[in-house]
Amino acid sequence: MSQLIGVPRETFAGEKRVATVPEVVEKLKKLGFRVMVEAGAGDAANFADDTYVAAGAQIAPDAAALWSTADIVFKARPPSADEVALMREGTTLVSFIWPAQNPDLMQKLAARKVTVLAIDALPRMLSRAQKMDALTSMAGISGYRAVIEAANAFGRFFNGQITAAGKVPPAKVFIAGAGVAGLAAIGTAANLGAIVRANDTRAEVADQVKSLGGEFVKVDYEEEGSGGGGYAKVMSEGFQKAQREMYAKQAAEADIIITTALIPGKPAPKLITADMVKTMKPGSVIVDMAGEQGGNCELTVPGEAVVRHGVTIVGYTDLVSRLAKQSSTLYATNLFRLAEELCKTKDGVINVNMEDDAIRGLTVIKDGTVTWPAPPITLPAPPPKPAAAAMPAAKSGGHGAGGEPMSAGSLAAVFGVGAALFLLVGLYAPAAFLGHFTVFVLACFVGYMVVWNVTPSLHTPLMSVTNAISSIIAIGALVQIAPPESGGGRPDEIIRWVAIVGIALTTINMFGGFAVTRRMLAMFRK
């Protein structure tokens with residue numbers, strides 16, 4: 001018999017998300033599962049019980065009825081002590097767990113002899129795991145919402161404006177940390193018209209910051225900050241000192257600061273000190289996205305927005321829940337993708353395959369046995385670089401057989417044959433032909449030199465406009481249609497209709513060539 005997926009109402013204070021949505025319920029049923037949703041579970045995210053019923057889900061009257069019946073439970077927040085007490089042996093729980101931060105919860109779950117898949121433990125370095133990566137989905141939403149909260153608390157526009165009532169300068173936004181949340185914040189703030197600057201310990205994200213319209217601010221200290229699994233690592237004291245100096249300078253200039261720095265299993269690093277807050281302009285805003293782990297600002301009050309030294313410090317811990325419908329939809333899709341991996345047979349029965357690297361990484365408890373942390377994943381070695389000796393041969397293609405450059409004797413022979421042909425043409429060809437032939441040769445030479453010196457990226461627009469210009473053949477067709485000035489009467493009817501068809505096709509070529517050229521050049525201007 002197919003297994004029953006249960007989706008309870010979230011009991012954590014302020015949590016509005018729900019672990020599945022009606023759209024995903026239909027997809028889960030196609031995998032063979034039955035779905036039960038606790039009454040009112042989706043109300044805070046604007047998913048009424050009726051919509052779940054219409055999608056094919058059952059409605060459980062209360063949490064006890066759901067937990068006692070479900071074979072698999074989908075949740076957003078880690079279960080509370082009361083929810084753990086409701087779990088029956090053999091249940092599979094899929095949720096955020098944070099095993100490093102919640103050792104007591106891990107022991108309680110193990111005592112219930114259940115299987116627990118922690119969505120936050122997904123090995124993110126596996127490319128096929130990206131579709132299940134709820135951390136990335138939720139971080140993108142929180143980064144977007146952080147900018148919205150900053151705009152709400154800020155006293156003026158993000159973009160600069162010049163009006164009859166005066167000039168409004170653009171807001172200056174500094175974002176500490178350019179991970180998924182930070183990049184989402186950079187893109188949102190830049191789209192609103194702000195001047196955006198960002199910093200991260202990982203130098204490789206500089207290009208990503210620039211591509212989103214931001215400016216990367218580098219710390220004047222050389223140290224690589226990339227850690228495992230796409231996270232940043234804890235930096236040396238020397239780097240942290242140089243970083244604090246840079247943050248102090250940015251704090252004095254910025255109107256808005258958004259901090260995103262978090263390292264799994266560790267308290268949030270303190271990046272913005274009380275002294276830095278004092279140097280900020282009155283009316284400035286700090287949005288501390290690390291509030292739930294203590295905050296990146298010394299003056300942050302988790303869960304609240306406070307004003308200190310004239311600066312509004314937003315420490316909300318429910319940024320994702322403030323976009324409950326969107327975050328629930330994305331999270332539900334991530335869990336559905338996980339369900340696809342667990343139920344490849346589409347018979348409504350999951351298989352927690354501990355030989356699968358992605359599933360093994362997610363599984364923190366298997367039938368009551370704690371299996372966290374997972375063993376490190378051995379990634380395939382990168383392909384070997386080509387030998388240096390082979391590079392010159394690869395670069396010299398097109399000159400002779402096998403890509404070898406043409407010898408001096410062969411080159412002289414080619415030029416000799418060419419000169420003899422030109423001599424024969426000059427001696428025996430009619431004068432009229434010689435004139436046309438000279439123009440043809442010069443046109444080939446000039447055309448070759450012109451195309452050769454064009455940037456390769458512009459070759460396609462060049463070809464399209466060349467096609468349009470080469471449609472000078474239309475003039476020849478018009479000559480064939482028009483009657484001669486004297487003597488000969490009308491042209492042959494067959495030639496006339498061929499000329500008409502030629503004009504029609506040439507017209508399409510001309511207008512199409514210029515239209516394509518215009519569109520392609522517009523792409524280069526973006």
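For clarity, every value in this text was computed on a predicted model and none was experimentally measured.
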The side-chain contact (heavy atoms from CB on, under 4.5 Å) partner of Val35 among Ile72, Val24, Leu28 is Leu28
Can you find a heavy atom in the side chain of Arg322 that is under 4.5 Å from one in the side chain of Glu149?
yes
Contacts of Arg156 meeting salt bridge (Lys or Arg N to Asp or Glu O under 4.0 Å) (sequence neighbours excluded), chain-then-number -> Asp255
Donor-acceptor check, side chain of Glu10 to backbone of Ala76, threshold 3.5 angstrom: yes or no?
yes
Taking atom NZ of Lys249 as the centre, does the number of heavy atoms from other residues, nucleotides or ligands within less than 6.0 Å exceed 12?
no
Just how far is it from atom CG of Leu122 to atom CD of Gln130, taken to the nearest 0.5 Å?
9.5 Å
Ala134 and Ile119: which non-hydrogen atoms are nearest, and at how many Å?
CB-CG1, 3.8 Å
Ala185 versus Val147, closest heavy-atom pair with distance:
O-CG2, 3.4 Å
Would you say the side chain of Ile286 lies within less than 4.5 Å of the side chain of Val314, judging by non-hydrogen atoms?
no
Start with the C-alpha distance between Ile162 and Val168, add both sets of side-chain angles, then the distance that settles side-chain contact (heavy atoms from CB on, under 4.5 Å), and finish with yes or no.
CA-CA 6 Å; Ile162 299 176; Val168 180; over 6 Å; no
Between the CE atom in Met138 and the CD atom in Gln326, the distance rounded to the nearest 0.5 Å is 8.5 Å
Donor-acceptor contact present, side-chain Asp288 to main-chain Asn296, <3.5 Å:
yes
Between Thr20 (side chain only) and Phe74 (backbone N and O only), is there a donor and an acceptor less than 3.5 Å apart?
no
Take Val53 and Ile59 through the test side-chain contact (heavy atoms from CB on, under 4.5 Å) and record every step on the way to the result.
CA-CA 7 Å; Val53 173; Ile59 300 297; 3.5 Å; yes
Check whether Ser2 reaches the backbone of Gly32 with its side chain - one donor and one acceptor, N or O, closer than 3.5 Å.
yes
Any donor-acceptor N/O pair, Asn199 side chain to Val217 backbone, under 3.5 Å
yes
Answer yes or no: is there a donor N or O on one side and an acceptor on the other, between the side chain of Ser321 and the main chain of Ala324, under 3.5 Å?
no
Asn152 side chain to Ile148 backbone, donor-acceptor under 3.5 Å:
no
Any non-hydrogen side-chain atom of Tyr331 less than 4.5 Å from a side-chain atom of Ser137?
no
Student check: side-chain heavy atoms of Ile256 and Ile258 closer than 4.5 Å:
yes
Looking at Tyr144, I'd like to know if its OH atom is crowded, meaning that more than 12 non-hydrogen atoms belonging to other residues, nucleotides or ligands lie closer than 6.0 Å.
no
For a quick test of reading the model, state the closest non-hydrogen atom pair linking Gly348 to Cys343 and the distance between them.
N-SG, 3.4 Å
Is the NZ atom of Lys218 crowded by more than 12 outside heavy atoms at less than 6.0 Å?
yes
Walk me through whether Glu23 and Thr333 qualify under side-chain contact (heavy atoms from CB on, under 4.5 Å).
CA-CA 9 Å; Glu23 177 186 351; Thr333 302; over 6 Å; no
Check whether any side-chain heavy atom of Thr259 sits under 4.5 Å from a side-chain heavy atom of Ile175, and report yes or no.
no
Could you check whether any side-chain heavy atom of Glu253 comes within less than 4.5 Å of a side-chain heavy atom of Arg197, counting everything from C-beta outward?
yes
Closest heavy-atom pair and its distance - Ser284, Met280:
CB-CE, 3.7 Å
Glu26 and Lys29 ion-paired at < 4.0 Å
no
Distance-only, no hydrogens or angles: does the Gln3 side chain make a donor-acceptor pair with backbone N or O of Ile350 under 3.5 Å?
yes
Which pair of non-hydrogen atoms, one from Val180 and one from Thr136, has the smallest distance, and what is that distance?
CG1-O, 3.5 Å
Check this for me: Lys131, atom NZ, are more than 12 non-hydrogen atoms of other residues, nucleotides or ligands nearer than 6.0 Å?
yes
Asp357 side chain near Leu126 side chain, heavy-atom distance below 4.5 Å
yes
Where at least one partner belongs to residues 153-203, residue pairs that pass ring-ring contact (aromatic ring centres under 6.0 Å, His included), sequence neighbours excluded:
Phe174-Tyr247
With rounding to the nearest 0.5 Å, note down the distance linking CE in Met132 to CD1 in Ile359.
5.5 Å
Has Asp200 got a side-chain atom pairing as donor or acceptor with Ala178's backbone, closer than 3.5 angstrom?
yes
Are any of the side-chain heavy atoms of Lys75 and Val94 separated by less than 4.5 Å?
no
Between Val320 and Arg145, does the side-chain contact (heavy atoms from CB on, under 4.5 Å) criterion hold? Intermediate values first, please.
CA-CA 7 Å; Val320 175; Arg145 185 68 192 195; over 6 Å; no
Could Asp356 and Arg128 be called an ion pair, given the rule that one side-chain N must be under 4.0 Å from one carboxylate O?
yes
Atom of Gly177, atom of Thr260 and distance for their closest heavy-atom approach
O-OG1, 3.1 Å
Does Ser142 use its side chain to pair, donor to acceptor, with the backbone of Leu319 at less than 3.5 Å?
no
Phe216 six-ring centre to Lys210 NZ/CZ under 6.0 Å and within 45° of normal
no
